[in-house]
Amino acid sequence: MEAPLLPRESARFVAENSRDVLVDLEGVRRAAELLLPAASAWRVEQWKSLHELNPRRADEAALDWVFVVDSLNFSFWAEQEEHKCEVRYGGTAYTGYWALCAAVNRALDQGIPVTSASYYATVTLDQVRDIFRSDTSVPMPLIEERHRILNETGKILLEKFGGSFLNCVQKSEKSAQRLMHLVVEHFPSYRDEAQFEGKRVAFYKRAQILVADTWSVLEGKGDGCFEDISSITMFADYRLPQILVYLGALKYSDKLLEKLRKGEMLSNGDKQEVEIRGCSIWCVELIRDSLLELLEERGEKPQGEINSILLDYHLWDYARDHRDHMRAVPFHRTRCVYY
């Protein structure tokens, strides 16, 4: 089978052939101007300080935490906005992705070795249901799939990498692209690919965020000093397209907007779903380029690195902070294990 285009090339190809989703170049520039004041202060170290549930250390245990969390980092949207899965931890109620992180930390505090491959390779469905139990009547979505993926990834990590994600990271020899390919090659649930206009395209949302989180938890140092980290694109999910439409950098056709407003589900691999995800990646690539151009025009140098990873992190937090304003913009609904 022909190898798929890599995420950046996939995104460009999708954007060039998209019918229902458009990257608006003027909107891209406006978005970059809006984000510029924040962008010049971005740091890889912020990943730890901005989110209280993330590991504070830069060690093997932290990498194992990142690997488990990103192996399960998919499909948190609620059927009804007012009824959500919620996990209470440390006196705070968490929803969405953070509910997953809170559940992992809660289990670790209770002495359950949920980040150990030898444990989750054989964990039972009932144990998974208990570990990821909700404090509301709404359970975490796709719990059977989460159980299956835990068993599958745990067994592969034990067989091929001695049960430690650090061994996988070290095999990448400080290349973000090599680590992404290692993960996609060995762990089937990370193979986020689709067929579009006669070509095989790949978005690799979870594989790329795993590379990004590895870089972040290791603060870009030691085994996490990836020389090609800027080759990683944004992570195409359902929240980022929503914020890009809200900012005017992405535009949907009336036909697609009507479908999304009705809450119609889009299948994974559906043409419109691929267009949304591909155009989102390309849009963020162009915003990043615009940020760098704006800094150059002003004769300024960024204090830290400006790349699509840090831009994605910022936009995701921006979306959460502005969610009340964004309700007028529908997000696309797709249930799958890839995002």
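One is the number of the first residue; the rest follow in order along the sequence. These figures come from a predicted structure and were not determined experimentally.
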Problem - Any donor-acceptor N/O pair, Gln46 side chain to Arg43 backbone, under 3.5 Å - result: yes
Are Ile131 and Val138 connected, step by step, through hydrophobic side chains (Ile, Leu, Val, Met, Phe, Trp, Tyr) whose heavy atoms are closer than 4.5 Å? no
key: Parallel, tilted or perpendicular, as decided by the 30° and 60° cut-offs, for the rings of Phe67 and Phe165   = parallel
Minimal heavy-atom distance between Asn54 and Trp47, with the atoms involved, is ND2-O, 2.8 Å
Check Arg106 with Asp135, please: is the shortest side-chain N to carboxylate O separation under 4.0 Å?
yes
- Would you please test Arg261 and Glu258 for salt bridge (Lys or Arg N to Asp or Glu O under 4.0 Å) and show each step? CA-CA 5 Å; Arg261 285 193 176 121; Glu258 185 182 0; over 6 Å; no
Original post:
Would you say the side chain of Phe74 lies within less than 4.5 Å of the side chain of Ile149, judging by non-hydrogen atoms?
Top reply: yes
Looking only at heavy atoms, the pair that brings Val87 and Ala99 closest together is CG2-O, 3.6 Å
Are any of the side-chain heavy atoms of Arg206 and Ser189 separated by less than 4.5 Å? yes
Inset, instruction - If the plane angle is over 60° it's perpendicular, under 30° parallel, otherwise tilted; pick one for Tyr318 and His322. - result: parallel
Rounded to the nearest 0.5 Å, the OG atom of Ser308 sits from the CD1 atom of Ile229 at a distance of 10.5 Å
| said: Quick one: does any side-chain atom of Arg146 pair with a main-chain N or O of Pro141 as donor and acceptor, under 3.5 Å? | reply: yes
Sorted by chain and number, sequence neighbours left out, salt bridge (charged side-chain N to carboxylate O under 4.0 Å, His left out) with Glu300 holds for none
Across all chains, not counting sequence neighbours, the ring-ring contact (aromatic ring centres under 6.0 Å, His included) partners of Tyr89 are none
Exercise for the section: Show your reasoning for whether side chain to side chain donor-acceptor pair (under 3.5 Å) applies to Ser216 and Tyr313. Expected result: CA-CA 11 Å; Ser216 300; Tyr313 288 165; 3.0 Å; yes
Residue pairs meeting salt bridge (charged side-chain N to carboxylate O under 4.0 Å, His left out), one or both in residues 62-73, sequence neighbours left out, come to none
Sorted by chain and residue number, the salt bridge (charged side-chain N to carboxylate O under 4.0 Å, His left out) partners of Glu185 (sequence neighbours excluded) come out as none
### Task
Taking only Lys NZ, Arg NE, NH1 and NH2, and the carboxylate oxygens of Asp or Glu, determine whether Lys205 and Asp192 approach each other closer than 4.0 Å.
no
* Asked: Step by step, would you call Ser164 with Glu60 a side chain to side chain contact (heavy atoms under 4.5 Å, CB included)?
  -> CA-CA 8 Å; Ser164 171; Glu60 187 172 8; 2.6 Å; yes
I'd like to know if Arg200 pairs up with Glu193 as an ion pair, taking the criterion as any Lys NZ or Arg NE/NH1/NH2 lying under 4.0 Å from an Asp or Glu carboxylate oxygen. yes
Sub-4.5 Å side-chain heavy-atom contact between Leu6 and Gln177 = yes
For this session: Verify side chain to side chain contact (heavy atoms under 4.5 Å, CB included) between Val21 and Lys251, making sure each step is shown before the conclusion.
Result: CA-CA 6 Å; Val21 186; Lys251 286 193 162 49; over 6 Å; no
Do Arg8 and Ser231 touch side chain to side chain, with heavy atoms closer than 4.5 Å?
-> no
Note: Pro7 and Ile281 closest approach over all heavy atoms is O-CG2, 4.2 Å
When you measure from the centre of the six-membered ring of Phe203, is the NZ or CZ of Arg277 closer than 6.0 Å and no more than 45° off the axis? no
Subject >> CA sep, side-chain torsions, deciding dist, call: Asn307, Trp42, side chain to side chain donor-acceptor pair (under 3.5 Å) >> reply: CA-CA 9 Å; Asn307 59 35; Trp42 290 341; over 6 Å; no
Between Phe331 and the options Tyr238, Tyr246, Tyr339, the ring pair (Phe, Tyr, Trp, His ring centres under 6.0 Å) test singles out Tyr238
inquiry  = In the structure I gave you, are the side-chain heavy atoms of Leu100 and Phe76 within less than 4.5 Å of one another anywhere?
reply    = yes
Ser18 side chain to Leu22 main-chain N or O, any donor-acceptor pair under 3.5 Å?
no
Q | Any side-chain heavy-atom pair of Leu182 and Lys171 under 4.5 Å | A | yes
Distance-only criterion, 3.5 Å: show the donor-acceptor pairs between side-chain atoms of residues 289-299 and protein atoms not counting sequence neighbours.
from   : atom 1 : to     : atom 2 : distance (Å)
Ser290 : OG     : Leu286 : O      : 3.2
Glu297 : OE1    : Arg29  : NH2    : 3.0
Glu297 : OE2    : Arg29  : NH2    : 3.3

So salt bridge (charged side-chain N to carboxylate O under 4.0 Å, His left out) across residues 328-339, not counting sequence neighbours, yields Glu79-Arg335
Of all heavy-atom pairs linking Ser75 and Thr334, the shortest is OG-O, 4.5 Å
Those residues at least two apart in sequence (or on a different chain) that pass salt bridge (charged side-chain N to carboxylate O under 4.0 Å, His left out) with Arg288 are Glu285
Kindly determine whether Tyr94 and Glu86 satisfy side chain to side chain contact (heavy atoms under 4.5 Å, CB included), including the steps that lead there.
-> CA-CA 5 Å; Tyr94 296 96; Glu86 187 177 282; over 6 Å; no
Taken in chain and number order and not counting sequence neighbours, the residues that satisfy salt bridge (charged side-chain N to carboxylate O under 4.0 Å, His left out) with Glu197 are Lys271
Residue pairs passing the salt bridge (charged side-chain N to carboxylate O under 4.0 Å, His left out) test with at least one member in residues 302-323, sequence neighbours excluded, are none
Can I get a per-line list of side-chain donor-acceptor pairs under 3.5 Å for residues 110-123, giving both atom names and the distance, sequence neighbours left out?
from   : atom 1 : to     : atom 2 : distance (Å)
Ser116 : OG     : Ser118 : OG     : 3.0

Inset, instruction - Quick one: do Ser267 and Glu273 satisfy side chain to side chain donor-acceptor pair (under 3.5 Å)? Show the steps, please. - result: CA-CA 7 Å; Ser267 300; Glu273 185 246 14; over 6 Å; no
**OP:** Return yes if some donor-acceptor pair links the side-chain N/O of Glu264 with the main-chain N/O of Lys259 below 3.5 Å, else return no.
**Re:** no
Heavy-atom closest pair (Cys279 atom, Ala15 atom, distance to 0.1 Å) is SG-CA, 3.8 Å
d(Asp130 CG, Leu125 CG) to nearest 0.5 Å is 11.5 Å
side-chain contact (heavy atoms from CB on, under 4.5 Å) filter on Thr124, not counting sequence neighbours, yields Asp126, Gln127
The complete set of salt bridge (charged side-chain N to carboxylate O under 4.0 Å, His left out) pairs with one or both residues in residues 222-239, sequence neighbours excluded, reads none
*What do you reckon, is NZ of Lys199 surrounded by more than 12 foreign heavy atoms closer than 6.0 Å?*
no
For Met180 and Val211, the nearest pair of non-hydrogen atoms, with its separation, is N-CG2, 3.8 Å
I'd like to know if Glu145 pairs up with Arg148 as an ion pair, taking the criterion as any Lys NZ or Arg NE/NH1/NH2 lying under 4.0 Å from an Asp or Glu carboxylate oxygen. yes
Stepwise side chain to side chain contact (heavy atoms under 4.5 Å, CB included) check, Glu173 with Ser175:
CA-CA 6 Å; Glu173 299 174 335; Ser175 166; 5.8 Å; no
